[in-house]
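Everything numeric in this text was worked out from a predicted model, so none of it was measured. So that the names make sense, note that chain A is the first sequence line, chain B the second, and so on, each numbered from 1.
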Protein chains: 2
Amino acid sequence: MNAELKTQTLPMKTAAAEKKIHKDYFHAAVSVDCVIFGYEDRKLKVLVMPSDLEEFKNLFSLLGDLVGPHEDLQSASQRILKERTGLDGVYMEQVQAFGDTDRHPSGRVFTVAYYSLLNIKHDGLQLSNPLLKWMPVYEIKQLAFDHKLILDTSLAKLRHMSMETPVLFHLLPEKFSLRELQELYEAIQGQELDRRNFRKKISNKGWLVDLKEMEKDVSHRPGKLYRLQFAETFPQKH
Amino acid sequence: MNAELKTQTLPMKTAAAEKKIHKDYFHAAVSVDCVIFGYEDRKLKVLVMPSDLEEFKNLFSLLGDLVGPHEDLQSASQRILKERTGLDGVYMEQVQAFGDTDRHPSGRVFTVAYYSLLNIKHDGLQLSNPLLKWMPVYEIKQLAFDHKLILDTSLAKLRHMSMETPVLFHLLPEKFSLRELQELYEAIQGQELDRRNFRKKISNKGWLVDLKEMEKDVSHRPGKLYRLQFAETFPQKH
DNA sequence: AGGGAATATGTACTTTTTACACATTGATTT
DNA sequence: AAATCAATGTGTAAAAAGTACATATTCCCT
């Protein structure tokens, strides 16, 4: 089939699985790339780091790592996130796989992209490395590997999801005002929204819980604070 | 890191890429699984074949194959489809990657699922093997590997897409009546639709071209025939 | 010629979306 | 203490989209 075909057995997991496949298979590296979104100063940002490859010096890349032999894809993504940010249990969703033959300069590496949404101001957030950088998404023109494509694909998926389900809340602190929420939607959708219509729409979704508290430390009339209603108790639509 | 870690270099593609990564990497097999949907007798069907693994004897599986060293994911998916059905240029979309450690009994195999939509009555359709079977989706209770999960995930995505974009047309012959189209939507959405409202909605989308032809060989008043409007000339929404 | 079976079509009602303006609150300044 | 500033909180009318529903028409078949 091909000169570069590798001869080896697949890694086994259980004794029962010892009925190996003995044919020659091509084996490749599989990585996970994390598109870690955050929100700050009214801007959607993504966590990047300088690429460690000579080919991509001066370019940033997403945070990724190879998937271990006994590691599920989602576990790998959670591990990377934990290693880089110290955070557990972050909202995360698979975007898709990328596997063009030339996507990695050092050889054949398939990658599966996950996006995560987290609150940059989260108490537990502790970046593993000072080189990690929250970069505003709309200022990113280029990234290492095919990471710009991965970012754009993830962003498109996030935009789409944000119109259908309450995902954006993960980018905000636990307590937030309607103004903050609206500014976030405006940042994601790239257009201004009417305040009254926005409030009406969000209220009808039943996603919000009125905390009976007020904003503090704002130099104007403070707004009410809300939190996200737990998903289990959402009013169902359809 | 792990006892089963393999020591080998990644396959190289270009001379420039000869700056190899020398670390020990875990390499796994990567496959593509095709969820090939068709529509016949008012039922959504999927193309399956008997599993060739002892573990899954008596079970059917989706059509898949390992990705070659110099093959993109989408190319692999197109190749599998061509090999199995003889068809080229079929509508196809990536669903997502599946990579649980125990998903394949013979070892670690990541897979990327693609769904395709084709017309079972297509002139060029020529199944490669008499064991291939068009199985009604709603009658499938179990499949080999994690293929039931892959099927369910693909079906959910297809349902979702069918509400937003004109994908279902790929399941029909080039010329079709509004009744055929409505029956298809009903089969996918699993509910009956009102004929007048359906027609109004579809007309407003601007997806249809009136062919000024009539159905033939029906034992009742024949309906008008339509074809799908080319995507490039769709009226834009939003 | 009559009966059967499915096509083609419009209107009233409800729900959702959009556009739009003013009084209120609390902090800050004078 | 009063005036100013900046943002909050709220309702209504119009337009658009979605839903429910019935009758006359066409072609095939016998």
For this session: Start with the C-alpha gap between Glu164(B) and His160(A), add the side-chain angles, then the distance that decides, and say whether side-chain hydrogen bond (donor to acceptor under 3.5 Å, both in side chains) holds.
Result: CA-CA 11 Å; Glu164(B) 305 189 335; His160(A) 192 255; 2.9 Å; yes
For this session: Write down the distance between CD (Glu215(A)) and C1' (dT25(C)), rounded to a whole number of angstrom.
Result: 13 Å
For this session: Provide, to the nearest angstrom, the distance between the CZ atom belonging to Phe198(A) and the C1' atom belonging to dC20(C).
Result: 18 Å
Exercise. How close or far is atom P of dT18(C) from atom CD of Gln189(A), stated in whole angstroms?
Worked result: 11 Å
For this session: Calculate the interatomic distance between Lys201(B) atom NZ and dA16(D) atom C1'; express it in whole Å.
Result: 13 Å
Exercise. Does the ring centre of Tyr185(A) sit less than 6.0 Å away from the ring centre of Phe198(A)?
Worked result: yes
Problem set entry | DNA chain C: 5'-proximal contact among Arg179(B) and Val218(A) (nearest heavy atom) | Arg179(B)
Exercise. Is the ring centre of Phe169(A) less than 6.0 Å from the ring centre of Phe176(A)?
Worked result: yes
For this session: Find the distance Glu213(B):CD to dT26(D):P and express it as a whole number of Å.
Result: 20 Å
Protein-nucleotides 8-10 of chain C N/O pairs closer than 3.5 Å?
residue : atom : partner   : partner atom : Å
dA8(C)  : OP1  : Lys224(B) : N            : 3.2
dA8(C)  : OP2  : Arg199(B) : NH1          : 3.0
dA8(C)  : OP2  : Arg199(B) : NH2          : 3.0
dA8(C)  : N7   : Arg195(B) : NH1          : 2.8

Problem set entry | Centroid-centroid distance, Phe145(B) to Phe56(B), less than 6.0 Å | yes
Exercise. Rounded to the Å, how far apart are Lys216(A) NZ and dA27(C) P?
Worked result: 10 Å
Exercise. Tell me: CG of Asp217(A) to P of dG26(C), nearest whole Å?
Worked result: 15 Å
Exercise. Hey, is Glu183(A) close enough to Arg42(A) for a salt bridge, meaning N to O under 4.0 Å?
Worked result: yes
For this session: For Lys133(B), enumerate each residue passing the salt bridge (Lys or Arg N to Asp or Glu O under 4.0 Å) test, keeping only those at least two apart in sequence or located in another chain.
Result: none
Seminar exercise, completed: Between CZ of Phe176(A) and P of dA7(D) the distance, given in whole Å, is 20 Å
